[in-house]
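This report concerns only the one structure given below.
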Amino acid sequence: MEPDLVCAQFLHDTDLPFSLVATKADKISKNQIARQRALFAKAFDVPLKDVIVTSAEDGRGREELVNSVAAWINILEAQTLEVEENPIL
């Protein structure tokens, strides 16, 4: 998990948006999922809403993941447009 924490710190330091994706949700109970989400959110210093729980087995979290990726793309595109409209040089 340490490489993941280092990567998350880099993303925080560079103000790049990100979400965590926890897989294999079909393997544990709903109570365990809630606890794991809270632990991940705290460990990676992200809002609980940015910890997305998924399962390829039952499709859980797929729509939430797609929506999250689309939202991050929109944010990054808006930031890119802002930089292009207001160059530093």
Side-chain angles (χ1 to χ4, degrees):
M1 184 149 106
E2 187 172 333
D4 296 329
L5 291 170
V6 170
C7 183
Q9 187 59 53
F10 170 79
L11 295 170
H12 281 301
D13 291 346
T14 56
D15 292 326
L16 290 171
F18 69 97
S19 293
L20 298 175
V21 180
T23 61
K24 310 279 188 211
D26 53 284
K27 306 291 183 198
I28 61 176
S29 72
K30 289 183 181 184
N31 287 337
Q32 289 172 309
I33 288 171
R35 282 195 299 273
Q36 289 298 321
R37 282 186 75 216
L39 286 171
F40 286 144
K42 184 175 181 179
F44 288 89
D45 192 26
V46 297
L48 191 58
K49 70 176 183 61
D50 288 335
V51 179
I52 301 168
V53 177
T54 66
S55 167
E57 178 105 1
D58 62 18
R60 187 179 327 175
R62 182 188 182 287
E63 186 174 340
E64 185 180 357
L65 179 58
V66 169
N67 291 339
S68 178
V69 170
W72 292 131
I73 289 170
N74 288 337
I75 289 169
L76 291 171
E77 285 178 342
Q79 289 174 348
T80 300
L81 288 174
E82 183 179 317
V83 168
E84 288 174 354
E85 292 171 359
N86 302 301
I88 296 172
L89 299 176

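- Residues Ala38 and Leu48 come closest through the heavy atom pair N-CD1, 3.8 Å.
- In terms of hydrophobic clustering, with Ile, Leu, Val, Met, Phe, Trp and Tyr side chains grouped at heavy-atom distances under 4.5 Å, Val21 and Ile28 are assigned to different clusters.
- By the rule that hydrophobic residues join a cluster once side-chain heavy atoms approach within less than 4.5 Å of another member, Val69 and Leu20 end up as members of separate clusters.
- Annotation: side chain of Gln36 is in contact with side chain of Leu39 (closest heavy-atom distance under 4.5 Å).
- Both Phe10 and Phe40 are members of a single hydrophobic cluster when ILVMFWY side chains are connected at heavy-atom separations under 4.5 Å.
- Taking the side chain as every heavy atom from C-beta outward, Phe44 and His12 never approach each other to under 4.5 Å.
- When all heavy atoms of Thr54 and Leu65 are compared, the closest pair comes out as CG2-CD2, 4.3 Å.
- The minimum heavy-atom distance linking Lys49 with Glu64 is given by the pair O-OE2, 4.2 Å.
- Closest heavy-atom contact between Pro17 and Ile75: CG-CG2, 4.5 Å.
- Among residues two or more places apart in sequence or in another chain, the salt bridge (charged side-chain N to carboxylate O under 4.0 Å, His left out) test is passed with Asp45 by none.
- The two residues Phe18 and Trp72 have their closest heavy-atom pair at O-CZ2, 3.4 Å.
- Across every non-hydrogen atom of Ser68 and Ser19, the tightest pair is OG-OG, 3.0 Å.
- Under a cut-off of 6.0 angstrom, the local environment of CD in Gln32 is crowded, with over 12 non-hydrogen atoms contributed by other residues, nucleotides or ligands.
- Within the 4.5 Å cutoff, side-chain heavy atoms of Ile33 are placed close to those of Arg60.
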